[in-house]
Each structure stands twice: as C-alpha cells, then as structure tokens.
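Structure record follows, encoded as structure tokens.
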Amino acid sequence: MRTVYMETNRPPPRISGALTALVTPFENGALDRVSLMALVEWQIRSGVDGLVACGLTGEGPVLTEAERAEIIGTCVEIAEGKVPVIAATGTNDTATTIEETRHAKALGATAALVTLPYYSKPGQKGVIHHFETLSAAVDIPIIVHNLPSHTAIDLAPATVAQLGAITGIIGIADGTGNIERVTDWRRLLPSGSALFSTHDATSLGFTLAGGQGVISSASNVAPRLVAAMQHAAGAGNLPAASVLLDRLHPLFRALSRESEPATIKHALAILEKAKAEVRLPLVCVESDTAGVISDALETLQAGCKASCDLNAMPRHVVGHYLSL
C-alpha cells in the first residue's frame with residue numbers, strides 16, 4: 001500500500017455515538033489488509049459513528065511502525081471522511097507518544113486516543129505534564145484514555161479538571177465501568193468536553209448519564225446493534241435502548257471472558273469476517289470460551305423477529321422494528 005499523507009482544512013466531524021475499537025486482522029503472522037478493508041467497509045455501512053485504530057483491541061502494542069501506518073492509512077482511505085478515524089497513539093514515553101501522534105495526524109487521522117502512560121506509572125503530576133507536553137507539540141484533537149486495569153493509574157478528580165483545561169484535549173474515555181464518573185467529571189470539565197465509555201457492558205448507562213458514547217470492542221461483531229443502542233440512548237428512547245441492551249448483553253458477557261482481542265476475533269471468525277489469529281503474548285480463546293461465544297451469537301440471532309438477523313438489516317428497518 002502506498003501511504004497517503006493528507007492535509008485538509010475541513011472541520012473534523014463531531015465525535016460521538018458508537019465508535020468501533022477495530023481489531024487488526026492477521027493471516028500467517030502478517031497484517032491482512034483485505035480483511036481490514038472489508039471490516040472497515042462493513043462497520044461504516046452498519047452505521048457506526050467512528051473508528052479507533054491501533055488501540056488495545058487492535059493489538060497496538062505489538063504492531064510495527066509500518067503496520068500502524070498501513071492500518072491508519074487504510075481506515076482513512078476507506079472512511080473517505082464519512083466517519084472520523086481516531087488513532088491510538090499513547091505509549092509510556094512522552095517523546096514517542098508525540099512522534100506517534102504527529103504521524104497519525106500526517107496520515108489523516110481526525111483525533112488521537114492517548115492512554116495514560118502504562119508501566120512507567122507516573123503520579124498525577126507526571127500525567128498532567130505528559131499531556132501538557134503532548135498537546136503543546138501536536139496539532140490534533142486528543143482524547144485521554146483512562147484504563148487503570150492496564151496502566152495501574154487512575155485519574156484523580158483534580159487531574160481531570162487540569163486535563164480539561166489543556167488546549168487540544170477534547171474529552172476523556174473511561175474504561176472502569178463506573179457510571180458515577182459521568183456526573184462527577186462533567187462538573188470538572190469545560191462545556192463541550194466529551195466523555196466516552198470503553199466498557200461495553202455499562203456503556204448504555206454511561207451515555208444515559210450524560211456521556212457522548214462508547215469506544216466499543218463488541219461493535220466489531222455487532223456494529224449495527226451497538227450503534228442503534230447508542231443512537232436510541234442519544235435520542236432519549238430508553239425503551240428501545242433497553243431492548244437492544246438485552247439483546248447484546250449475552251454477547252458482552254461472552255466477549256469479556258478472556259482477553260478481548262482474542263474473543264472478538266473468534267466471534268468474527270464464526271461470522272467469517274476475519275481470522276481468529278492473534279499475536280503473542282495473546283493466544284486464541286479456550287474451548288469453553290469458544291462455546292460460550294458461539295452460544296451468544298446464536299442467542300443474538302434467535303432474539304430477532306422471524307429469525308431475521310438485525311445485524312444484517314438496514315438501520316431504518318432495525319429502527320422500525322424496535323420503534324426507534
């Protein structure tokens with residue numbers, strides 16, 4: 001693939017709703033660009049509101065620089081401005097994070113998703129200086145990703161307030177599943193700051209509490225349903241959103257049994273969308289988990305009226321069926 005560096009003066013699309021944390025398809029150890037292109041096209045046709053490339057679900061830590069460039073460039077190329085492409089660029093080193101974020105901007109990414117520095121485990125003051133330095137060095141909107149289970153750091157309320165005051169930071173994505181944080185953090189952040197969940201099981205409650213949406217791993221597998229749930233929540237249609245959550249809950253539970261890139265890819269392999277291959281240190285799912293995932297997909301299908309697959313229906317048909 002020829003890398004295309006993009007410059008545009010168009011205002012970035014609004015970032016909200018259902019954003020898919022894309023997996024990275026592999027075949028025989030190499031990036032499977034054909035499957036990636038098909039996956040991106042399917043996600044966009046299914047009505048998702050954005051794509052997140054090279055994150056944890058995309059096995060970002062084990063990608064080469066050439067692979068990262070190809071993935072981000074492919075997403076931008078296929079999206080054609082229809083939805084924002086957010087590149088995960090965070091590392092545990094500030095200088096490297098700056099370099100990765102600049103590269104993502106050059107490739108045409110709309111925004112950067114930047115995790116708190118993992119492994120190094122800085123204090124709250126170090127976190128603030130990390131993002132101040134990054135924001136001063138790059139010209140791209142930044143979403144801070146708070147995921148204590150992976151970084152061993154959690155944002156303190158005072159840190160949230162200080163991050164919100166940094167130019168270039170447009171929001172925070174939280175993976176703790178703590179819905180109370182929406183109310184608490186909204187009071188601390190400037191008007192217009194966005195809050196996203198990265199925890200599928202509690203994402204509906206997060207949005208109903210005032211969040212702007214979800215960065216979802218499960219939407220790799222059920223993009224139309226996850227998007228419809230977020231759109232129903234955003235429109236204030238709680239009955240429809242609740243019906244969709246009930247349909248999706250067994251899938252959410254099945255996909256959380258083991259490391260999500262592996263479970264997501266196993267589900268995609270069942271759907272014949274991508275191979276189940278992951279890179280070490282990740283391994284494919286255990287047989288019992290494989291059975292639970294298969295059962296969850298069957299349950300999702302069985303819950304559809306007249307044995308129809310809602311995931312394959314046009315969005316307006318799904319909306320009509322659920323009275324959205």
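Because the structure is predicted, anything quoted here is derived from the model rather than measured. Residue numbers run from 1 in the order of the sequence given.
Between Thr202 and His199, the side chains place a donor N or O and an acceptor N or O closer than 3.5 Å (distance only, hydrogens not considered). Inspection of the Thr289 and Glu258 side chains reveals an N or O donor paired with an N or O acceptor under 3.5 Å. Using a 3.5 Å distance cut-off with no hydrogens or angles, the side chains of Glu132 and His129 do pair a donor with an acceptor. With hydrogens and angles left out, the side-chain atoms of Thr207 and Gln212 include no donor and acceptor closer than 3.5 Å. Glu260 and Ser217 share a side-chain donor-acceptor pair at under 3.5 Å. In this model, no donor atom of one side chain and acceptor atom of the other lie less than 3.5 Å apart for Thr91 and Asp93. Judged by distance alone, the side chains of Ser203 and Ser197 never bring a donor and an acceptor atom under 3.5 Å apart.
Residues meeting the side chain to side chain contact (heavy atoms under 4.5 Å, CB included) test with Ile153, sequence neighbours left out: Leu116, Lys121, Pro122, Gln124, Val127, Thr151. The side chain to side chain donor-acceptor pair (under 3.5 Å) search around Asp288 returns Arg257, not counting sequence neighbours. Listed by chain and residue number, nothing satisfies the side chain to side chain contact (heavy atoms under 4.5 Å, CB included) test with Ser287 (two or more places apart in sequence, or in another chain). A search for side chain to side chain contact (heavy atoms under 4.5 Å, CB included) contacts involving His150 returns Leu56, Leu147, not counting sequence neighbours.
Ile270 and Leu300 end up in the same hydrophobic cluster when Ile, Leu, Val, Met, Phe, Trp and Tyr side chains are linked at under 4.5 Å.
Rounding to the nearest 0.5 Å gives a distance of 9.0 Å between OG of Ser219 and CG of Leu51. Here the straight-line distance linking atom CD1 of Ile166 with atom CD1 of Ile128 works out to 7.0 Å at 0.5 Å rounding.
Residue pairs meeting the salt bridge (Lys or Arg N to Asp or Glu O under 4.0 Å) criterion with at least one member in residues 186-195, sequence neighbours excluded: Asp184-Arg187.
Atom CD of Glu180 has 12 or fewer heavy atoms from other residues, nucleotides or ligands within 6.0 Å.
When all heavy atoms of Asp49 and His231 are compared, the closest pair comes out as OD2-NE2, 2.8 Å.
Hydrophobic side-chain contacts under 4.5 Å tie Leu280 into a cluster, directly or through other members, with Val283.
Using a 4.0 Å cut-off between charged side-chain N and carboxylate O, Asp200 and Arg253 make no salt bridge.
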